[in-house]
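Along the sequence shown, residues carry numbers from 1.
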Amino acid sequence: MSGFDQISSPTRTKEIIQRYGFSFKKSLGQNFLIDQNILDKIVGAAGLSPSSGALEIGPGIGALTERLALEAGAVTAVEIDRRLIPILRDVLAAYPHVKVRNDDVLKVNLKELFAEDFAAVDKVSVVANLPYYVTTPILMKLLEEKLPLDNIVVMIQKEVAERMAASPGGKEYGSLSIAVQYYSEPELVCIVPRTVFIPQPNVESAVIRLKVRERPPVEVADEKHFFDVVQAAFTQRRKTIANNLKARFFPGEGRERLEALLAEAGIEPVRRGETLSIAEYARLSAVLLAAGVK
């Protein structure tokens with residue numbers, strides 16, 4: 001397919017928008033990508049083949065969907081804005097292996113969707129230019145539901161991507177870093193300028209690849225408790241781990257028991273939450289759980 005024919009070209013994007021009288025809804029975070037080089041990087045990072053499937057969330061007018069259709073054996077695009085459904089079905093009519101669903105991905109039963117749409121392929125990746133206002137809920141749903149996923153390759157806000165990929169000790173590192181890295185191995189693919197979108201967003205973007213882990217990097221007996229401990233540790237970033245944990249798990253008690261448990265976990269009470277590794281949080285959660293602290 002020649003470059004000027006592709007939906008992602010600025011000329012074709014504007015022509016489609018005008019032809020269908022489409023107007024952007026700011027509330028849905030609609031920013032359409034019009035740069036074919038960035039699309040190449042997104043699709044390339046997903047490592048698709050005719051024996052793999054791709055789930056796209058928020059396809060817009062189908063610029064990325066079209067590229068996925070050329071690489072993958074099965075493509076499902078989930079779009080919340082019903083105004084875009086006839087446009088998508090029209091511009092993607094040449095690709096019988098593309099299915100368009102008018103749904104809110106946060107409400108969809110993804111296990112059922114995978115069983116219905118991807119039964120004929122070996123592996124599935126999520127590939128999407130995500131609406132920035134729901135990035136974290138969507139990604140956490142994809143990761144927490146333990147779907148048979150290979151990769152998640154998404155365009156998201158640059159600041160959020162940096163937090164997901166952050167290492168302990170930096171200001172970007174927090175509970176989101178730990179949650180994402182518990183389920184996946186994040187890697188920044190590229191930074192994306194505002195100028196490659198219609199309309200231009202107010203923030204810089206980045207493409208991040210999350211290689212979904214077969215098993216977490218640490219053993220955790222109770223995932224909910226583990227994440228409760230992590231959340232508590234970051235309640236107030238300037239406070240020490242001891243002060244944050246005391247407020248959440250030991251209200252009304254003295255510090256002696258807490259400090260004894262921290263010592264058992266090998267963690268200095270004066271450290272701050274952003275200095276602890278995932279392994280240290282797993283150890284701390286195990287010690288608290290064994291002591292009946294929930």
Side-chain angles (χ1 to χ4, degrees), residues 106-107 109-111 134-149 152 156 159-188 208-294:
L106 289 172
K107 296 176 181 174
N109 184 322
L110 289 174
K111 284 193 168 70
V134 285
T135 293
T136 302
I138 289 173
L139 287 177
M140 292 318 299
K141 174 174 177 164
L142 291 168
L143 292 169
E144 287 170 355
E145 293 195 6
K146 298 180 171 63
L147 300 160
L149 273 174
I152 299 173
I156 59 176
E159 178 189 319
V160 177
E162 288 171 343
R163 282 164 50 204
M164 290 180 178
S167 300
K171 62 178 172 40
E172 289 89 8
Y173 183 76
S175 56
L176 180 62
S177 320
I178 293 165
V180 168
Q181 291 170 34
Y182 179 83
Y183 293 110
S184 71
E185 298 173 72
E187 177 194 348
L188 283 173
I208 191 168
R209 174 172 55 207
L210 308 178
K211 177 69 179 169
V212 178
R213 296 182 189 272
E214 288 185 18
R215 61 186 62 82
V218 289
E219 278 193 37
V220 171
D222 183 331
E223 284 186 359
K224 183 183 181 306
H225 185 267
F226 168 75
F227 286 117
D228 282 349
V229 171
V230 171
Q231 290 284 355
F234 288 96
T235 306
Q236 294 189 52
R237 287 187 72 97
R238 295 190 177 191
K239 287 195 170 185
T240 63
I241 187 89
N243 283 339
N244 275 330
L245 292 182
K246 185 177 183 310
R248 166 66 175 83
F249 294 105
F250 301 86
E253 289 186 44
R255 293 176 66 97
E256 296 80 8
R257 184 170 174 236
L258 167 59
E259 292 193 0
L261 292 170
L262 283 167
E264 188 182 334
I267 295 165
E268 295 277 341
V270 294
R271 289 175 65 184
R272 287 185 166 80
E274 66 264 25
T275 69
L276 273 67
S277 67
I278 291 182
E280 287 177 308
Y281 276 111
R283 198 162 66 239
L284 178 57
S285 172
V287 167
L288 293 176
L289 206 55
V293 178
K294 292 188 179 182

**Item:** Shortest non-hydrogen separation from Gln181 to Ala165 and the atoms involved
**Value:** NE2-C, 3.7 Å

**Request:** Look at atom CD of Glu253 and say whether more than 12 heavy atoms of other residues, nucleotides or ligands are closer to it than 6.0 Å.
**Result:** yes

**Prompt:** Quick one: CG on Leu288 to CG on Leu262, what's the gap to the nearest 0.5 Å?
**Reply:** 7.5 Å

**Asked** Any donor and acceptor pair, going by atom type alone, linking the side chain of His225 with main-chain N or O of Val220 inside 3.5 Å?
**Response** no

**Item:** CD-CD distance between Glu259 and Glu256, expressed to the nearest 0.5 angstrom
**Value:** 7.5 Å

**Message:** Can you pull out every salt bridge (charged side-chain N to carboxylate O under 4.0 Å, His left out) where at least one residue sits in residues 175-187? Sequence neighbours excluded, please.
**Reply:** Glu187-Arg209

**Asked** Is there a donor-acceptor contact under 3.5 Å from the side chain of Ser285 to the main chain of Tyr281?
**Response** no

**Enclosure of Glu159 CD (heavy-atom neighbours >12, cutoff 6.0 Å)** = no

**Message:** Counting neighbours of NZ on Lys107 that are heavy atoms of other residues, nucleotides or ligands and sit closer than 6.0 Å, is the number greater than 12?
**Reply:** no

**Fill in**
For Val218 and Ala279, the nearest pair of non-hydrogen atoms, with its separation, is CG1-CA, 3.7 Å

**Request:** Give a yes or no answer on whether the side chain of Glu145 reaches the backbone of Asn109 with a donor-acceptor pair at less than 3.5 Å.
**Result:** no

**Request:** Compare every heavy atom of Arg163 with every heavy atom of Ser177, then report the nearest pair and how far apart it is.
**Result:** OG-O, 2.5 Å

**Fill in**
Smallest heavy-atom separation, Ala291 atom then Leu261 atom, equals CB-CD2, 3.7 Å

**Request:** Please round to the nearest 0.5 Å and tell me the distance separating atom CG of Leu142 and atom CG of Leu149.
**Result:** 6.5 Å

**Prompt:** Which value, rounded to the nearest 0.5 Å, describes the distance between Glu264 atom CD and Leu284 atom CG?
**Reply:** 10.0 Å

**Prompt:** Taking only residues at least two apart or on different chains, which pairs with a member in residues 270-292 satisfy salt bridge (charged side-chain N to carboxylate O under 4.0 Å, His left out)?
**Reply:** Arg271-Glu280

**Request:** Count the heavy atoms belonging to other residues, nucleotides or ligands that lie under 6.0 Å from NZ of Lys111, then report whether that count exceeds 12.
**Result:** yes

**Request:** For the residue pair Tyr183 and Phe227, categorise the inter-ring angle as parallel (less than 30°), tilted (30 to 60°) or perpendicular (more than 60°).
**Result:** parallel

**Request:** Taking all heavy atoms of Ile241 and all of Gly273, pick out the closest pair and write down the distance.
**Result:** CD1-CA, 4.5 Å

**Request:** Please collect all salt bridge (charged side-chain N to carboxylate O under 4.0 Å, His left out) contacts where either partner lies in residues 226-246, sequence neighbours excluded, each pair once.
**Result:** Lys224-Asp228, Asp228-Arg248

**Asked** Say you draw a straight line from CE of Met164 to OG1 of Thr135; how long is it, rounded to the nearest 0.5 Å?
**Response** 6.5 Å

**Asked** When rounded to the nearest 0.5 angstrom, what is the spacing between CG in Leu276 and CD1 in Ile267?
**Response** 4.5 Å

